[in-house]
Amino acid sequence: MTARDLVDPFGRTIRDLRISVTDRCNFRCTYCMPAEGMVWLPKSEILSFEEIERVARLFVERYGVDGIRLTGGEPTVRAHLPVLVAKLATLVVPADSASPLAGQPIDLALTTNGATLVNCVDELRDAGLGRINISLDTLDREKFERMTRRDELERVLAGIDAACAAGLSSVKINAVVERGANDDEILDLAEFGRAKGVEVRFIEFMPLDAEGHWVNDKVVSQDEIVARIAAVHPLESVPARGAAPADRWRYLDGRGTVGVIPSVTKPFCGDCDRVRLTADGQFRTCLFATTEFDLRTRLRDGSSDDVVAAEIERAVGTKWAGHQINQVNFIRPKRTMSQIGG
Ligand code: SAM
Ligand code: SF4
């Protein structure tokens, strides 16, 4: 079959599929989950590895999708995750695709809170994982416990070291910045990244928290984040982000790069090439989408790949120009970050 691009109504070609493998998590970050009371999806509703692989193969082989990121919830709490990684790592972008990775294996990545990496990162690498992003919002043990509701800073730091030692093609740190919670540590986190030789990507706090405490005043803007770092470590912009969500800067002293994902203050929707599959097989064309397309039913009712593909194309045909955060017509999605897959 010849690969053809999956293009949305605004001319954006879909290249990146985010797959949530579970809605469960071993942390309870305040900007994501409530302390208690999350209702987990029943096991029967969660896609099996075979079902995930089928959807992933369709995206890669039919549409030239060249990047897959596994997320959650916390993806490493899904049993036997390396088995799924090994299945997905065999996917090759079709040689006739317009993707820059045509003819090569897909770019396979994972976003994790890092708490279990000491135990599993080598197995994930051996299974074919290429890149990893580890979340770390503070270097202070008490603040870490306040923000994640778990006393696990040491394990996460050890997980970062294990990931760096594992020889993956890229290790990055994700840090959500919330005013009043950890904005006093922007510089410390940037310096931690410089010392470790990993890129820190600061993320503007988004209205996807389960407790609904997001307000615009808690968002620390990209401009402010960059100004605070540049005041101590001069930066120059790295041009051409393309479809990647982070804007990037280079330290003028040559000690690495830093990124910011400015979802709220400088939305990058115009270049968005992402779509998402939730752990229960619902297909979303935006983190903030209010409509989901039920692929699970198609995967389980004997439908052919053509039927599943038709549903995917119907969904992509509804991808909107961009989210409306801070505008009067913004509607918070019913599901929150950990249920969608960040
Ligand atoms: N559990 C994994 C982790 O924390 O890295 C993967 C899933 S988590 C939902 C994916 C990313 O979303 C993490 O980097 C997390 O910090 C970020 N995130 C969660 N809630 C957020 C929010 N309300 N605004 C911005 N980023 C958020
Ligand atoms: Fe769990 Fe990640 Fe959400 Fe934190 S951000 S509660 S680690 S899913």
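The analysis underlying the following values was restricted to heavy atoms, covering all of them including side chains, and did not include hydrogens, waters or symmetry mates. Given the structure is predicted, the values throughout are model-derived calculations rather than measurements. First listed ligand is number 1; within each ligand, the first listed atom is number 1.
In this structure, Arg62 and Asp305 have side chains that are in contact, with non-hydrogen atoms separated by less than 4.5 Å. Side-chain contact between Val85 and Glu123 is absent, with no heavy-atom pair separated by less than 4.5 Å. Asp223 places a side-chain heavy atom less than 4.5 Å from the side chain of Lys266. Between Val121 and Ile132, the closest side-chain pair of non-hydrogen atoms falls below 4.5 Å. The side-chain heavy atoms of Arg69 and Asn133, taken from C-beta on, include a pair separated by under 4.5 Å.
Near Asn113, meaning under 4.0 Å from any of its heavy atoms, are these atoms of ligand 1: 2 (C), 3 (C), 5 (O). Against a heavy-atom cut-off of under 4.0 Å, Glu204 is close to the following atoms of ligand 1: 25 (C). The ligand atoms of ligand 1 that sit less than 4.0 angstrom from a heavy atom of Asn174 are 14 (O). For ligand 1 and Thr71, the ligand atoms under 4.0 Å from any heavy atom of the residue are 6 (C), 7 (C).
The protein atom (non-hydrogen) at minimum distance from atom 3 (Fe) of ligand 2 is Cys32 SG, 2.4 Å. Nearest protein heavy-atom contact of atom 11 (C) of ligand 1 is Thr111 CG2, 4.3 Å. Protein heavy atom at the shortest distance from atom 1 (Fe) of ligand 2 is Cys25 SG, 2.3 Å. Of the protein's heavy atoms, Met337 CE, 3.5 Å lies nearest to atom 27 (C) of ligand 1. Looking only at protein heavy atoms, the nearest one to atom 8 (S) of ligand 1 is Gly72 O, 4.4 Å. Summary of contacts: the protein heavy atom closest to atom 4 (Fe) of ligand 2 is Cys29 SG, 2.3 Å. Atom 26 (N) of ligand 1 has its closest protein heavy atom at Val176 CG2, 3.4 Å.
Some N or O of Thr112 is nearer than 3.5 Å to an N or O of ligand 1, by distance alone. Residue Met206 has at least one N or O atom closer than 3.5 Å to an N or O atom of ligand 1. Ligand 1 has a nitrogen or oxygen under 3.5 angstrom from a nitrogen or oxygen of Glu74. Taking any N or O of Tyr31, backbone or side chain, at least one lies under 3.5 Å from an N or O belonging to ligand 1. The distance criterion of under 3.5 Å between nitrogen or oxygen atoms is met by Gly73 with respect to ligand 1.
Judged by the shortest distance from any of its heavy atoms, Gly73 lies inside the 4.0 Å radius around the atoms of ligand 2.
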**Request:** Just do the side-chain contact (heavy atoms from CB on, under 4.5 Å) check on Ile340 and Ser20 with the steps written out, would you?
**Result:** CA-CA 7 Å; Ile340 297 169; Ser20 172; over 6 Å; no
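Residue Thr257 forms a side-chain hydrogen bond (donor to acceptor under 3.5 Å, both in side chains) with just one option from Glu199, Arg194, Lys172, and that option is Glu199.
Aromatic pair His323/Phe268: ring centres not closer than 6.0 Å.
Heavy-atom proximity to atom 13 (C) of ligand 1, evaluated over Pro207, Gly342, Ser135, is greatest for Ser135.
Note on ring orientation: taking the six-membered ring where Trp is involved, the planes of His213 and Phe205 are tilted (angle from 30° to 60°).
A donor-acceptor contact shorter than 3.5 Å is absent between the side chain of Glu224 and the backbone of Ser221.
Taking the ring axis of Phe293 as reference, the NZ or CZ atom of Arg314 does not stay both within 45° of it and closer than 6.0 Å to the ring centre.
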